[in-house]
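One structure below.
Note that the coordinates shown come from a computational prediction; the quantities given were computed from them, not determined experimentally. Hydrogens, waters and symmetry mates play no part in the numbers below; they use all other heavy atoms, side chains included. In this chain, numbering begins with 1 at the start of the sequence shown.
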Amino acid sequence: MYYRFAYAFLALGLVATSVFAQETQNVAGWNVRYQIPAGWSLERAEGRLRVFVNPDASARLFVAPGISATPAEIQNDLIALGSALGLQGQPTSLLQQTAVSGRQVVAGEYDLFLASTRQRVLGRSVTVLSDQNTTLGMLVLAYPNTFAGARAALDGMVATARIDAPTVNRNAITELAGRWTYYASNRSSSIANSGSYSSAYEETVWFDGQGRFEMSSSSQVSASSSHYSPDASTTTASSFGGGNAEGTYTVIGNALIVDSNRGKAIYDFTMQGGGLNAGGKLYIRE
């Protein structure tokens, strides 16, 4: 839930211009504050996400506030993040609720490697819990020779974290009112020069401008193949699918949070003109 970002532009060995981080970071709307480890600097700021790098660029620390989530949900998000970063591996300690620096957290550790270079990378995830139904997620990734120091830096930062009640962006809740549609299609003129394939997906979301939403989706996939024979026979197959959801939504900062019969989800979003960018999709207002 709390690691829903476009991480494709990030890699552990990325060389980028860093700026010195302020001693304390405060994420607008979330009312979350924490102190940066000494010597570390801010490398990226993207929505809720902050990425910090240690002095010799051998470790990176990802920090983002989010909504309360179960260990299983956190694990799913970490798997998605690892995949986006090109990392593979396994946990060395399963995510579980414990105490770090006197704070209640969900924590786990990982033994990973970069798929592109086979370089080994170690990781530690810590999600700081609060009674505000919000959290502060932290993930440090480092090469083995600097992991101990990076791990200590993360655990020290946990002690400085302060999570107050978030500020609801009521203007954004109102501005989302209306019906938004996302559509995607794909067509191939041939499959091994003997047929065709097409797919289409449509998703419509309606926001009432006060905190409730409804969503419906439909999909269609069809394929046909032609076989060389005297009767020039053709085989065609199609399938249809779809789904619906309804529930409540709110906005904190530029993060859209939905709670429905499908569970909770959080999406960083932007609105421009008649478009809504959320979850890697562009929705058009009807």
(request) Describe, in one word, how the ring planes of Phe213 and Phe207 are oriented to each other, choosing from parallel (under 30°), tilted (30 to 60°) and perpendicular (over 60°). (result) tilted

(request) Could you tell me the separation between the CG atom of Leu61 and the CG atom of Leu139, rounded to the nearest 0.5 Å? (result) 8.0 Å

(message) Are Arg60 and Glu43 packed together at the side-chain level, in the sense that at least one heavy-atom pair is separated by less than 4.5 angstrom?
(response) yes

(message) Is any side-chain heavy atom of Asn31 closer than 4.5 Å to one of Thr167?
(response) yes

(request) Would you check if the side chain of Arg50 reaches a backbone N or O of Gly47 as a donor-acceptor pair within less than 3.5 Å? (result) yes

(request) Report the C-alpha separation of Leu122 and Asp111 in whole Å, then their side-chain angles, then the decisive distance to 0.1 Å, and conclude whether the side-chain contact (heavy atoms from CB on, under 4.5 Å) test is met. (result) CA-CA 5 Å; Leu122 300 181; Asp111 193 342; 3.6 Å; yes

(request) Using the side-chain contact (heavy atoms from CB on, under 4.5 Å) rule, take Val251 and Leu176 through it: C-alpha gap first, then chi angles, then the decisive distance, then the call. (result) CA-CA 10 Å; Val251 178; Leu176 282 168; 3.9 Å; yes

(message) Any carboxylate oxygen within less than 4.0 angstrom of a Lys/Arg side-chain nitrogen, looking at Lys264 and Glu73?
(response) no

(request) Indicate yes or no: at least one non-hydrogen side-chain atom of Met138 is less than 4.5 angstrom from one of Val158. (result) yes

(message) Do Met215 and Trp206 sit in one hydrophobic cluster, given that two such residues count as connected whenever their side-chain heavy atoms are within less than 4.5 Å of each other, even indirectly?
(response) no

(request) Measure from the side-chain N and O atoms of Thr134 to the backbone N and O of Ser130, and report whether any donor-acceptor pair falls under 3.5 Å. (result) no

(message) Show the nearest heavy-atom pair for residues Ser125 and Tyr110, with the distance to one decimal.
(response) CB-CE1, 4.1 Å

(request) Side-chain contact test, heavy atoms from C-beta onward, threshold under 4.5 Å: evaluate it for Asp164 versus Arg33 and give yes or no. (result) yes

(request) Taking the side chain as every heavy atom from C-beta outward, state whether Val51 and Val63 have any pair of such atoms under 4.5 Å apart. (result) no

(request) Measure across Ala177 and Gly209 and return the closest heavy-atom pair with its distance rounded to 0.1 Å. (result) CB-CA, 3.6 Å

(request) Verify the neighbour count for atom CZ of Arg285: are there more than 12 heavy atoms of other residues, nucleotides or ligands below 6.0 Å? (result) yes

(request) Give me the one residue out of Asp155, Thr98, Leu95 that meets side-chain contact (heavy atoms from CB on, under 4.5 Å) with Val105. (result) Thr98

(request) State whether the side chain of Arg48 and the backbone N or O of Pro65 hold a donor-acceptor pair below 3.5 Å, judged by distance alone. (result) yes

(request) Please examine the side chains of Thr204 and Arg179, heavy atoms only from C-beta on, and report whether any two atoms are closer than 4.5 Å. (result) yes

(request) Report whether Ile74 and Leu129 are members of the same hydrophobic cluster (ILVMFWY, side-chain heavy atoms less than 4.5 Å apart, transitive linking). (result) yes

(request) State whether the side chain of Asn169 and the backbone N or O of Ile252 hold a donor-acceptor pair below 3.5 Å, judged by distance alone. (result) no

(request) Give a yes or no answer on whether the side chain of Tyr182 reaches the backbone of Tyr201 with a donor-acceptor pair at less than 3.5 Å. (result) no

(request) Answer yes or no: is there a side-chain heavy-atom contact under 4.5 Å between Val128 and Thr135? (result) no

(request) Could you tell me the separation between the CG atom of Leu114 and the CZ atom of Arg118, rounded to the nearest 0.5 Å? (result) 10.0 Å

(message) Nearest 0.5 Å, please: how far is CZ in Phe147 from CG in Leu154?
(response) 8.5 Å

(request) Start with the C-alpha distance between Asn254 and Thr270, add both sets of side-chain angles, then the distance that settles side-chain hydrogen bond (donor to acceptor under 3.5 Å, both in side chains), and finish with yes or no. (result) CA-CA 7 Å; Asn254 287 321; Thr270 58; over 6 Å; no

(request) Indicate the atoms forming the closest heavy-atom contact of Ile266 with Gly66, along with that distance. (result) CD1-CA, 4.4 Å

(message) To check you understand the geometry: which heavy-atom pair defines the closest contact between Gly275 and Leu282, and what is its length?
(response) CA-CD1, 4.0 Å

(request) Look up atom CD1 in Ile36 and atom OG1 in Thr160, then write down how far apart they are to the nearest 0.5 Å. (result) 7.5 Å

(message) My understanding is that only one of Tyr183, Trp180, Tyr283 makes a side chain to side chain donor-acceptor pair (under 3.5 Å) with Glu203; could you say which?
(response) Tyr283

(request) Measure the spacing between CZ of Arg212 and CD of Glu214 and express it to the nearest 0.5 Å. (result) 8.0 Å

(request) Check the side chains of Thr181 and Glu286 for a donor-acceptor pair under 3.5 angstrom, ignoring hydrogens and angles. (result) yes

(request) First locate atom OG of Ser218, then atom CG of Asn244, and finally report the distance between them rounded to the nearest 0.5 Å. (result) 9.5 Å

(request) For the residue pair Thr146 and Asn54, confirm or rule out a side-chain donor-acceptor distance under 3.5 Å. (result) no

(message) Hydrophobic cluster membership, with links at side-chain heavy-atom distances under 4.5 Å among I/L/V/M/F/W/Y: are Leu78 and Phe113 in one?
(response) no

(request) May I ask you to decide if Gly211's main-chain N or O and Asp208's side chain share a donor-acceptor pair within less than 3.5 Å? (result) yes

(request) Show the numbers, then the answer: is there a side-chain contact (heavy atoms from CB on, under 4.5 Å) between Ser260 and Glu246? (result) CA-CA 5 Å; Ser260 72; Glu246 61 179 310; 6.0 Å; no

(request) Start with the C-alpha gap between Val258 and Tyr267, add the side-chain angles, then the distance that decides, and say whether side-chain contact (heavy atoms from CB on, under 4.5 Å) holds. (result) CA-CA 9 Å; Val258 298; Tyr267 307 96; 4.1 Å; yes

(message) Ignoring hydrogens, what is the shortest heavy-atom contact between Gly123 and Leu141? Give both atom names and the distance.
(response) CA-CD2, 3.9 Å

(message) Which heavy atom of Ala159 sits nearest to which heavy atom of Arg103, and what is that distance?
(response) O-NH1, 4.1 Å

(message) Any non-hydrogen side-chain atom of Ile257 less than 4.5 Å from a side-chain atom of Tyr249?
(response) no

(message) Looking at Gln119, is its backbone amide N or carbonyl O close enough to the side chain of Thr117 to form a donor-acceptor pair, meaning the two atoms are under 3.5 Å apart?
(response) yes

